[in-house]
Amino acid sequence: MAEQNFQTLGEFIIDKQEDFQYSTGELSRLLSAIRLASKVVNREVNKAGIANIIGKAGNENIQGEEQQKLDVLANEIFIEALSQREVVCGIASEENDDFIEIHASCNAHLSKYVVLIDPLDGSSNIDVNVSVGTIFSIYRRVTEPGTPVALEDFLQKGINQIAAGYVVYGSSTMIVYTTGNGVNGFTLDPSLGTYYLSHPSMKFPENGKIYSINEGNYSKFPQGVKNYIKYCQLEEGDRPYTSRYIGSLVSDFHRNMIKGGIYIYPSTAQSPHGKLRLLYECNPMAFLAEQAGGKCTDGYRRILEIEPTELHQRVPFFCGSRKMVEKAEEFMQQQK
Ligand code: P6P
């Protein structure tokens, strides 16, 4: 079927805007800004191998991680696209120690949305040409419109998200997002610069046979995680499962959502809260997972119910096919 028969992301955003009775079009403009920024980042990611922006930016972010030049560039691209359209009053990013108040014009203060973003997750994979991603999370501000945005606008539980999604810069580039009415995936035709609805109503298979975890950390895992890994490897019933770990959350999540699977980044002795950040990695992925019929917890608690206390706080992360997450939770409960 010719691609012009597929709905474009732009048409989809407008169609869905009509689902919101009192929509002012602001969320549509916000999603369109993310769509535009993703195309610019996609162009930079695709040429990283030849452009001289590969490698390290020479400084570190708040996570104490080496900032890749593309991390910095992707962050600037998304912040620029969002700031210039008066669609958000504030942005929090993995790459910025503090949140950013948007002053683009006096109207920005009147915008009712804030965005939290991991502009280039898995960026250490850039130099070895492995898929990376952008993760975004959108909330309504809780402070008075017209006043300066405040930390409390960002420290909201994941259940309050208005929308969330990711861009996966893989063998093809896709945007996958939800506004609370299911999950839809759009694939970019780079020759046209147009995203087409390629994966309508994405659903996590209820069960799966893929587990994604960095087994190099096995000796440091909680006993419940060790026991779950051994369960996955045992020759019994539909097991052993397959181990697949790309080292890029968006890519592992995307594959597991299509094929069925579980992704785990647990706590370890050195990192008692795990590695992934609650606000701009775990909450958006948890919103998507639940909207697709999957499950997402910290091993015990629903991720979306966790009360945030810090912008860059970390939480252990168990996410994927509902029955696989529930089985992993059983092993965690036995050791509690
Ligand atoms: P490790 C990338 O830095 C990331 O945040 C996720 O995208 C990825 O799944 C994880 O960390 C990889 O971490 O410790 O296994 O290298």
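Residues: numbered from 1 along the sequence shown. Just so you know, these numbers use all the heavy atoms, side chains as well, and skip hydrogens, waters and symmetry mates. Note that ligands are numbered from 1 as they come in the structure, with each ligand's atoms numbered from 1 the same way.
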* **Neighbour count above 12 (heavy atom, 6.0 Å) for Lys209 NZ** => no
* Asked: Has the side chain of Ser212 got a donor or acceptor atom that lies under 3.5 Å from a matching backbone atom of Arg244?
  -> yes
* Please could you name the atoms of ligand 1 that Tyr245 approaches to less than 4.0 Å, counting only its heavy atoms? => 1 (P), 9 (O), 10 (C), 12 (C), 13 (O), 15 (O)
* **Per-atom contacts, ligand 1 versus Tyr265 - under 4.0 Å to a heavy atom** => 1 (P), 13 (O), 14 (O), 15 (O)
* Asked: Strictly by modelled atom types, are Glu26 and Ser111 linked by a side-chain donor-acceptor pair under 3.5 Å?
  -> yes
* More than 12 heavy atoms of other groups within 6.0 Å of Asn129 CG -> no
* **Tyr263-ligand 1 polar pair, N/O distance under 3.5 Å** => yes
* Should you measure from each heavy atom of Glu281, which atoms of ligand 1 turn up under 4.0 Å away? -> 5 (O)
* Taking N or O atoms only and a 3.5 Å limit, does Asp252 qualify as a polar contact for ligand 1? -> no
* Asked: What part of Leu249 sits under 4.0 Å from ligand 1 if we count only heavy atoms: the side chain, the backbone, both or neither?
  -> both
* Structure fact -> Numbered in order shown, the ligand 1 atoms found under 4.0 Å of a heavy atom of Leu276 are 5 (O)
* Stepwise, does the salt bridge (Lys or Arg N to Asp or Glu O under 4.0 Å) test hold for Glu281 with Arg314? -> CA-CA 9 Å; Glu281 289 176 330; Arg314 302 170 194 265; over 6 Å; no
* Output yes when a side-chain donor or acceptor of Arg277 lies under 3.5 Å from a complementary backbone atom of Leu279, and no otherwise. => no
